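Just so we're clear, the structure is a prediction, and the values are computed from it rather than from any experiment.
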Amino acid sequence: MTDHGTDRVDLLIVGGGINGAGIARDAAGRGLSVLLVEQDDLASHTSSASTKLIHGGLRYLEYGEFRLVREALIERERLLNMAPHIIWPLSFVLPQTRSPRPAWMVRLGLFLYDHLGGRDKLPGTRTVALERSPLGAGLSPREGKAFVYSDCWVEDSRLVALNALDAQERGARIETRTRLIDARREGAGWTATVAAEGGTPRKVQARALVNAAGPWVADVIGRTHGTRRDRGVRLVKGSHIVLPRLYEGDHAFMLQNDDRRIVFAIPYEGRFTLVGTTDEPWTEAPAKASISQAETTYLLDTANRYFMRKVDPSDVVWSYAGIRPLYDDHAANASAVTRDYVLDLDTGAEGEAQAPMLNIFGGKITTYRKLAEHAMRELAAFFPAAGPAWTAGATLPGGDFADANFDRFLADLTVRHGQVPPALLRRLARAYGTRVDRILASGDLGEDLGGGLHTAEVDYLVRAEWARTAEDILYRRSKLGLHVPPQTPERLARYLAEQGVA
């Protein structure tokens, strides 16, 4: 293959969300030379604005997305085994008291959900009486029956960082805050111009171009010369709010509204409840999204409809929004637009086999690994010497502890690092898995910048995970922004500046 040390690569990937990072990892592991460029930080947009679930997508059955649901269900436990530090099982309670769907329909959907993709670690669906079960605590009214099923939680932006880290360790180059200016086919390859933030534009030659720019997928197509423009992307905004904890317990709720839309209420960061998501068409150019007043009202109304504890806008601790780049299947309802992915391979004018460009439309976090595998299959003819598919059984950095048993791993870690406060050690173990020793090895965590964020952890994130700003660290590599005292962001920014980072 080509030389990793030059600007000649096999694969130039545009976009540092979950799909771009996943493809970079897969390709690098097959022996291809890879350069990934991301205009902002890793997972700056859609991939850090999800509902934080690894799931089959129960509601997608209603729209006939059986292939997508089956693939996602198979991937669900595969990812659980790959990254058991940042992914773990989560029970969902689905009350029927206010359901617009008859119980038989919901139960049939859950039967399919239990059996479409097979299960190993996760339990099947059961039925509970809410007035007698602790799972009904906090609901209003606490009556009727509910179905209880299982999916998984994921630290979404950390999943992106770990895929990028694994890609880099297999030879890929990951360049954040670097934009694609333009690209054109020249003979059997691409010549692209990229520019780092504040840097001079430079040329990159690549045998293939992968457009994994998410909401900016059409923008990237517009920056290339001689490519097709006949695929459409439909942008849909999804927003979430974070509230003080609405109920006790480690389970989540799947709440059904009269408009047949679904809203999740999920335990979040110990002290909070995450409520979302919405589905609103986004008709402007892609940009950093924020929640609207109407979305906030919708989510608060849903919470007030189901829970005893009443909330209003003053209770919103934090909110976030992301733009989903869905393939445009011309569905009238934003909630009904397919969540399946479409891979569009552009090889130039008909009858002229030219350098390939692979455009990624749609996709969801749960199926990112399979999407990457499919992407490499699309490109296989151009890279006959590439290795075989390999990611299905390969753990992500930090996930390589025995039997994917986090509790046992944490217990062993406690024996070795008993001087670290238990709550801090658990947080670090969850975030970094077996890589936590790279932070704890010296026995000196350094200065506490507030809320348990020590300079040793900051140094690791800068050195190993492309963190550059306080926001990168407080809201993407972690969610410490919800816990630290008000002065921490400024102290962190000052520390980064002193280190010559920010």
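For Trp390 (side chain) and Gly393 (main-chain N/O), no donor-acceptor pair under 3.5 Å exists by modelled atom type. No donor-acceptor pair closer than 3.5 Å links the side chain of Glu175 to the backbone N or O of Glu38. A donor-acceptor distance shorter than 3.5 angstrom exists from the side chain of Asp315 to the backbone of Asp312, with no hydrogens or angles considered. Judged by distance alone, the side chain of Arg170 and the main-chain N or O of Ala28 form no donor-acceptor pair under 3.5 Å. Between the Tyr247 side chain and the Ala265 main chain, a donor and an acceptor come within less than 3.5 Å of each other. With Glu447 contributing its side chain and Thr455 its backbone, the two residues share no donor-acceptor pair below 3.5 Å. A distance-only check finds a donor-acceptor pair linking the side chain of Ser157 to the backbone of Arg476 [under 3.5 Å]. Within the 3.5 Å criterion, the main-chain N or O of Lys121 finds a donor-acceptor partner in the side chain of Glu77. The main-chain N or O of Glu155 is never found under 3.5 Å from a side-chain atom of Lys479 such that the two would form a donor-acceptor pair. Between the side chain of Thr277 and the backbone N or O of Ser239 there is at least one donor-acceptor pair closer than 3.5 Å.
A distance below 6.0 Å separates the ring centres of Trp216 and His45. Taking the six-membered ring for Trp and the full ring otherwise, the centers of Trp318 and Phe272 sit at least 6.0 Å from each other. For His55 and Phe92, the ring centers are positioned 6.0 Å apart or more. For Phe264 and Phe253, the ring centers are positioned 6.0 Å apart or more.
The shortest distance between side-chain heavy atoms of Leu496 and Val462 falls below 4.5 Å.
Donor-acceptor pairing under 3.5 Å is recorded for the side chains of Asp182 and Thr193. Residues Ser47 and Asp156 bring no donor and acceptor atom of their side chains to less than 3.5 Å of each other. No hydrogens or angles considered: a donor-acceptor pair under 3.5 Å links the side chains of Glu71 and Tyr341. In summary, the side chains of Tyr495 and Asp459 do present a donor paired with an acceptor at a separation below 3.5 Å, with no hydrogens or angles considered. The closest side-chain donor-acceptor pair between Thr434 and Asp400 falls under 3.5 angstrom.
Note that Lys52 lies in the cation-pi zone of Tyr320, set by a 6.0 Å cut-off to the ring centre and a 45° limit from the axis. Under the 6.0 Å distance and 45° angle rule, Arg430 counts as a cation-pi partner of Trp88. By the 6.0 Å and 45° rule, Arg207 does not stack over the aromatic ring of Phe382.
By the 6.0 Å contact criterion, CZ on Arg309 is enclosed, its count of non-hydrogen atoms from other residues, nucleotides or ligands being greater than 12. At most 12 non-hydrogen atoms from other residues, nucleotides or ligands lie less than 6.0 angstrom from CZ of Arg126. Glu169 CD: more than 12 foreign heavy atoms inside a 6.0 Å radius.
Between Asp219 and Arg223 there is a salt bridge, since a side-chain N of the basic residue sits under 4.0 Å from a carboxylate O of the acidic one. Salt bridge status for Arg76 with Asp151: present, with a side-chain N to carboxylate O gap under 4.0 Å. A salt bridge between Arg427 and Glu457 is present, with a side-chain N of the basic residue lying under 4.0 Å from a carboxylate O of the acidic one.
Across all their heavy atoms, Leu274 and His240 have their closest contact at CD1-CB, 3.8 Å.
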Exercise for review: Quick one: do Asp26 and Tyr368 satisfy side-chain hydrogen bond (donor to acceptor under 3.5 Å, both in side chains)? Show the steps, please.
Suggested key: CA-CA 11 Å; Asp26 191 314; Tyr368 88 89; over 6 Å; no

